[in-house]
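Data first, discussion second: the structure below is written as structure tokens.
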Amino acid sequence: MEEILVPARDDAWFEDLFRAHATALFRYFVRRGPRDDAEDLTADVLAIAWRRRDDVPDGAELPWLYRTAGFVLANHRRKGRPVPVGEVPDEVDDADPATLALDDVELRAILAALSPRDRRILLLHGWEGLDAAGLAEVLGISCGGADAALSRARSRLRDAWSERLDA
């Protein structure tokens, strides 16, 4: 039987992981909570990735990190620190589409009308750029299930927009 060699999960592996995904993780947290906490939360996720480096799947590192980030953020919120969804910066940064989207009151209202799961799916797809395989990894479901969940979330988003426009 031929033995498959797995690359070592050493300092170089972690440096590559950090370079490739730290900015995406930071943006993930900035979009979901106070900017002041984003660096610490990003560091927490990366520390977990280092401790659990043998559990991080090759080729699906970012979805694994996003899934871990979801748990870290949930734990952070349980500590009693409010996450001010309604607060937006006074100065709009035209270079950052996430800030522009957060500044849009109607978009926030529509997203708030969706279930937390639909909102999470749409944001992971739209903001984080995850495809069905990435969504499946983050949500812990099959690719087909992720496709169906995204389709249902999009449909409910369309319905919410229609209701808002008709009101």
All N/O donor-acceptor pairs, side-chain side in residues 145-154, below 3.5 Å, sequence neighbours left out:
unit_1: R154; atom_1: NH2; unit_2: H125; atom_2: NE2; d: 2.8

Results of ring pair (Phe, Tyr, Trp, His ring centres under 6.0 Å) for F14 - residues two or more places apart only:
W50
From [atom1] ([X]) to [atom2] ([Y]), nearest 0.5 Å:
X    : Y    : atom1 : atom2 : result
I48  : R53  : CD1   : CZ    : 14.0 Å
S142 : E137 : OG    : CD    : 12.0 Å
T42  : F18  : OG1   : CZ    : 8.5 Å
Y66  : L62  : OH    : CG    : 4.0 Å
L25  : L41  : CG    : CG    : 10.5 Å

Between [X] and [Y], what is the shortest heavy-atom contact and its length?
X    : Y    : result
A133 : C143 : CA-SG, 3.6 Å
V45  : A69  : CG2-CA, 3.7 Å
A49  : L65  : CB-CD2, 3.8 Å

E128/R32 ion pair, N-O < 4.0 Å
yes
What do the steps show when you test D44 against F29 for side-chain contact (heavy atoms from CB on, under 4.5 Å), and what is the final call?
CA-CA 11 Å; D44 288 347; F29 287 118; over 6 Å; no
Does F26, at its CZ atom, have more than 12 non-hydrogen atoms belonging to other residues, nucleotides or ligands within less than 6.0 Å?
yes
Where do L17 and E61 land on the side-chain contact (heavy atoms from CB on, under 4.5 Å) test, with the steps shown first?
CA-CA 8 Å; L17 181 84; E61 292 87 354; 3.7 Å; yes
Taking W127 as the starting point, is it possible to reach W161 by hopping between hydrophobic residues whose side chains are less than 4.5 Å apart?
yes
Using a 3.5 Å cut-off and no angle test, enumerate the donor-acceptor pairs between side-chain atoms of residues 110-122 and protein atoms at least two apart in sequence or in another chain.
unit_1: S115; atom_1: OG; unit_2: D118; atom_2: N; d: 3.1
unit_1: D118; atom_1: OD1; unit_2: R156; atom_2: NH2; d: 3.0
unit_1: D118; atom_1: OD2; unit_2: R156; atom_2: NE; d: 2.4
unit_1: D118; atom_1: OD2; unit_2: R156; atom_2: NH2; d: 3.4
unit_1: R119; atom_1: NH1; unit_2: L111; atom_2: O; d: 2.7
unit_1: R119; atom_1: NH1; unit_2: L114; atom_2: O; d: 3.0

Do Y28 and L124 have side chains that get closer than 4.5 Å, going by heavy atoms?
yes
